[in-house]
Participant: 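Below is one structure. I have some questions about it.
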Amino acid sequence: MKTGVQIFLIAIIVLLCEGCGDHQAATKDSEHAKENKPAGVIESHSVNETQPTVTSLTADQIKTVGIAYGGIELKELTATIRANGNLNVPNNHKANVTSLYGGVVKSIHVQLGSPVRKGQVIATISNPQFIQLQEEYLTTGSQITLAEQEYSRQVEMFQNNAGAKKNLQTAETELRVLRTKRASLQKQIQLMGISPSRVSNSGLKSGLSVVAPISGTISNLIARIGSYVDATLPVAEIVDNASLHLDLNIFEKDLPLLKKGQIIHFTLTNNPVNEYDAVIFSIGSAFENDSKTIPVHAKVKGNKAGLIDGMNITGIVSLTNVLTPSVPNDAIVNADGKYYIFIVTDKKPEEHHHEDEKEHGHDDHDSEPATMENQINFEKIEVAVGVSDMGYTAITPVSNLPTNAKVVVKGAFFINAKLSNTGGHEH
């Protein structure tokens with residue numbers, strides 16, 4: 001009897017184990033089906049995702065990142081020749097400030113970089129010889145007065161047959177010599193910067209004013225107070241940067257493409273921040289040393305601030321007048337093998353609603369993004385890029401742009417990153 005009951009219980013346990021196994025297998029099959037469900041499928045619904053093209057930043061974000069705006073500019077980036085050279089001021093617009101007489105420097109009235117005008121006093125020097133020169137000028141004047149009186153007396157005596165002709169000739173010669181000497185002393189005093197009419201016994205000057213021979217800027221200050229200078233040692237050097245021009249080194253193959261009047265855009269080699277313009281006025285006719293290049297001279301136009309004689313430059317010679325829409329290089333971002341720019345827009349950022357949020361009890365009101373004040377919206381615009389030069393790249397928008405579109409020229413990379421981070425769905 002016991003044996004029959006035991007067999008019955010064992011049969012029931014086996015049946016129960018088989019039922020559990022079938023349930024676990026079914027559960028595993030269900031989970032396996034979920035794991036192999038195609039990407040993007042949520043339950044029985046599918047979501048068609050498109051990458052957003054509009055995003056927004058707050059005023060604080062814009063200020064922190066340092067976003068800057070600009071526009072699409074017309075630049076001559078095609079049909080150009082690149083050349084290196086340097087800035088130069090012709091020698092007829094450079095000058096050494098020197099003294100015609102030696103002396104000790106008593107005062108200096110300018111500093112390095114000071115603008116000066118022609119005739120302005122640069123320094124004063126002192127020398128006892130200056131007093132002797134003025135003394136000699138006054139003495140000669142007195143001698144001329146006596147010589148004129150003697151000459152008049154000899155003329156009168158000769159006319160009355162009371163004097164010899166030889167004495168008259170001697171008096172006339174002496175008067176002429178004294179007058180010549182006074183004229184020479186007068187010129188020397190004028191070169192000293194002293195008016196001969198103001199030279200008097202009580203007004204002798206021991207100082208000599210050294211003046212600027214041209215207008216310009218003090219490029220070098222050589223003399224010091226207390227040092228001795230003469231005609232061979234300049235007190236200072238002056239450069240007139242208003243006459244600044246650039247010398248380009250053009251290779252022989254490019255020479256036939258150049259002509260007078262062509263525009264050159266150039267930047268400083270060591271600081272290519274600002275762009276300057278120049279116009280070709282002279283083309284050389286001989287090679288420069290052994291470099292097999294021909295010098296081309298161009299006069300700098302417009303703003304010359306920051307330009308100094310001797311600076312190295314990189315120039316672009318425009319061969320045609322074809323203008324191409326261009327933006328600064330930093331305005332362009334590369335994403336997914338395409339190129340984009342960002343413009344300020346009135347369009348609103350895209351809003352994403354998720355079906356699974358509704359299934360979990362979230363209504364449409366809860367899924368709307370919170371509005372923020374002082375926001376600026378940016379739209380991502382695809383462009384085709386062309387040649388790049390002088391910090392700019394030629395572009396062709398794939399779609400039409402608004403008139404006078406405000407382009408982000410600095411910080412576009414940050415906006416693109418912001419747009420990419422907000423492009424996905426958060427569940």
Side-chain angles (χ1 to χ4, degrees), residues 86-144 178 180-245 247 268 270-271 300 304-312:
N86 61 282
L87 295 174
N88 186 25
V89 174
N91 288 336
N92 58 339
H93 291 278
K94 298 179 182 178
N96 289 336
V97 182
T98 58
S99 172
L100 295 177
Y101 303 94
V104 178
V105 178
K106 290 297 183 182
S107 62
I108 299 176
H109 303 282
V110 295
Q111 295 179 355
L112 193 65
S114 299
V116 295
R117 63 184 184 279
K118 184 178 181 179
Q120 179 178 336
V121 177
I122 303 299
T124 57
I125 63 176
S126 178
N127 194 322
Q129 292 181 352
F130 300 159
I131 299 177
Q132 296 176 3
L133 191 63
Q134 296 171 72
E135 178 186 355
E136 189 175 355
Y137 174 75
L138 293 175
T139 301
T140 303
S142 300
Q143 292 174 347
I144 288 176
L178 289 172
T180 301
K181 182 179 180 181
R182 184 178 66 175
S184 175
L185 292 172
Q186 186 176 1
K187 278 294 183 182
Q188 294 180 56
I189 292 175
Q190 287 177 339
L191 292 174
M192 291 171 56
I194 301 174
S195 175
S197 60
R198 296 185 179 182
V199 177
S200 61
N201 292 331
S202 60
L204 298 178
K205 296 182 179 181
S206 61
L208 170 64
S209 297
V210 182
V211 298
I214 63 171
S215 298
T217 304
I218 300 295
S219 60
N220 192 12
L221 199 57
I222 302 170
R224 299 179 181 179
I225 294 178
S227 61
Y228 182 86
V229 296
D230 55 25
T232 62
L233 180 64
V235 176
E237 295 177 357
I238 300 176
V239 174
D240 182 12
N241 283 330
S243 302
L244 199 68
H245 74 260
D247 297 333
L268 301 179
N270 296 328
N271 188 23
V300 179
K304 300 182 181 67
L307 301 181
I308 300 175
D309 179 34
M311 283 183 166
N312 294 325

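If you read the sequence from its start, that first residue is 1, and numbering goes on from there.
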Participant: Please check this pair: side chain of D240 against backbone of H93, looking for a donor-acceptor N/O pair closer than 3.5 Å.
Facilitator: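 Here the side-chain-to-backbone pair does not exist.
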Participant: Taking the side chain as every heavy atom from C-beta outward, state whether S99 and L208 have any atom pair closer than 4.5 Å.
Facilitator: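 Side chain of S99 against side chain of L208, heavy atoms only: contact under 4.5 Å found.
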Participant: Write down the atom of V199, the atom of Q134, and the distance for their closest heavy-atom approach.
Facilitator: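 Here V199 and Q134 meet closest at CG1-CB, 4.0 Å.
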Participant: Give a yes or no on whether the backbone of G102 and the side-chain of N127 come within a donor-acceptor separation of less than 3.5 Å.
Facilitator: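 Between the backbone of G102 and the side chain of N127 there is a qualifying donor-acceptor contact (under 3.5 Å).
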Participant: Please list, chain by chain and in numerical order, all residues satisfying side-chain hydrogen bond (donor to acceptor under 3.5 Å, both in side chains) with D247, sequence neighbours excluded.
Facilitator: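 Applying side-chain hydrogen bond (donor to acceptor under 3.5 Å, both in side chains) to D247 gives N88, H245, H297.
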Participant: How long is the straight-line distance from CD1 of I214 back to OG of S243, given to the nearest 0.5 Å?
Facilitator: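 The distance works out to 8.5 Å.
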Participant: To the nearest 0.5 Å, how far apart are CD1 in I144 and OG1 in T180?
Facilitator: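 Between I144 CD1 and T180 OG1, I get 8.5 Å after rounding to 0.5 Å.
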Participant: Please report the closest heavy-atom contact between G113 and T217, naming both atoms and the distance.
Facilitator: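 Reported closest heavy-atom pair: O-CG2, 3.4 Å.
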Participant: Not counting sequence neighbours, which residues clear side-chain contact (heavy atoms from CB on, under 4.5 Å) with P213? List them please.
Facilitator: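 For P213, the residues satisfying side-chain contact (heavy atoms from CB on, under 4.5 Å) (neighbours in sequence not counted) are A95, V97, I238.
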Participant: For the side-chain contact (heavy atoms from CB on, under 4.5 Å) test, which of V239, D309, V89 pairs with S219?
Facilitator: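 Among the candidates, only V239 passes.
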Participant: I'd like to check K94 versus N91 (side-chain heavy atoms, cut-off strictly below 4.5 Å). Are they in contact?
Facilitator: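 They are in side-chain contact.
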Participant: Less than 4.5 Å apart, any side-chain heavy atom of Q143 and any of R182?
Facilitator: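 Answer no - side chains too far apart.
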Participant: Mind checking side-chain contact (heavy atoms from CB on, under 4.5 Å) for S184 and listing every partner two or more places apart, or none if nothing turns up?
Facilitator: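 S184: side-chain contact (heavy atoms from CB on, under 4.5 Å) contacts with Q188.
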Participant: State, with a plain yes or no, whether a side-chain heavy atom of N241 is found less than 4.5 Å away from one of L307.
Facilitator: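 Sidechains of L307 and N241: no contact.
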Participant: Do you know the tightest heavy-atom contact between V116 and Q120?
Facilitator: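 The answer is CA-OE1, 3.4 Å.
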Participant: Look up atom CG in L268 and atom CG in N86, then write down how far apart they are to the nearest 0.5 Å.
Facilitator: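 With rounding to 0.5 Å, CG (L268) is 11.5 Å from CG (N86).
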Participant: Please name all residues satisfying side-chain hydrogen bond (donor to acceptor under 3.5 Å, both in side chains) with T232, sequence neighbours left out, ordered by chain then number.
Facilitator: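 Checked T232 against side-chain hydrogen bond (donor to acceptor under 3.5 Å, both in side chains); matches are D230.
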Participant: Measure the spacing between OG1 of T140 and CG of L185 and express it to the nearest 0.5 Å.
Facilitator: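 Here the rounded value is 5.0 Å.
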Participant: Closest approach of L100 and A231, non-hydrogen atoms and distance?
Facilitator: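 Closest approach of L100 to A231, heavy atoms only: O-CB, 4.4 Å.
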Participant: I'd like to know whether NZ of K304 has more than 12 heavy-atom contacts from other residues, nucleotides or ligands below 6.0 angstrom.
Facilitator: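 Yes, the 6.0 Å shell around NZ holds more than 12 heavy atoms from other groups.
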Participant: Where do P234 and N96 come nearest, in terms of heavy atoms and distance?
Facilitator: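 Closest approach of P234 to N96, heavy atoms only: CB-CB, 3.9 Å.
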Participant: Of all residues at least two apart in sequence or in a different chain, which pass the side-chain hydrogen bond (donor to acceptor under 3.5 Å, both in side chains) check with K118?
Facilitator: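 For K118, no residue satisfies side-chain hydrogen bond (donor to acceptor under 3.5 Å, both in side chains) once neighbours in sequence are set aside.
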Participant: Once you round to the nearest 0.5 Å, how far does OG of S227 lie from CD1 of I222?
Facilitator: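 The OG atom of S227 sits 10.0 Å away from the CD1 atom of I222.
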Participant: Is there a side chain to side chain contact (heavy atoms under 4.5 Å, CB included) between Q111 and I218 once you walk through the steps?
Facilitator: CA-CA 7 Å; Q111 295 179 355; I218 300 295; over 6 Å; no
Participant: Looking at every non-hydrogen atom in both residues, tell me the closest pair between L133 and Y101 and how far apart they are.
Facilitator: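 Heavy-atom minimum between the residues: CD2-OH, 4.4 Å.
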Participant: Any heavy-atom pair between the side chains of V105 and R224 that's under 4.5 Å?
Facilitator: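 No, every pair of side-chain atoms sits at 4.5 Å or beyond.
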Participant: Are V211 and V121 close enough that some pair of their side-chain heavy atoms sits under 4.5 Å apart?
Facilitator: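 The answer is yes; the side chains approach within 4.5 Å.
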Participant: Answer yes or no: is there a side-chain heavy-atom contact under 4.5 Å between I308 and L87?
Facilitator: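 A side-chain contact under 4.5 Å is absent here.
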Participant: For Q190, enumerate each residue passing the side-chain hydrogen bond (donor to acceptor under 3.5 Å, both in side chains) test, keeping only those at least two apart in sequence or located in another chain.
Facilitator: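 Scan of Q190 (side-chain hydrogen bond (donor to acceptor under 3.5 Å, both in side chains), adjacent residues dropped) gives none.
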Participant: Would you find more than 12 non-hydrogen atoms of other residues, nucleotides or ligands less than 6.0 Å from N270 atom CG?
Facilitator: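 Not buried by this count: 12 neighbours or fewer within 6.0 Å.
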Participant: Has the side chain of T139 got a donor or acceptor atom that lies under 3.5 Å from a matching backbone atom of E135?
Facilitator: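 Here the side-chain-to-backbone pair exists.
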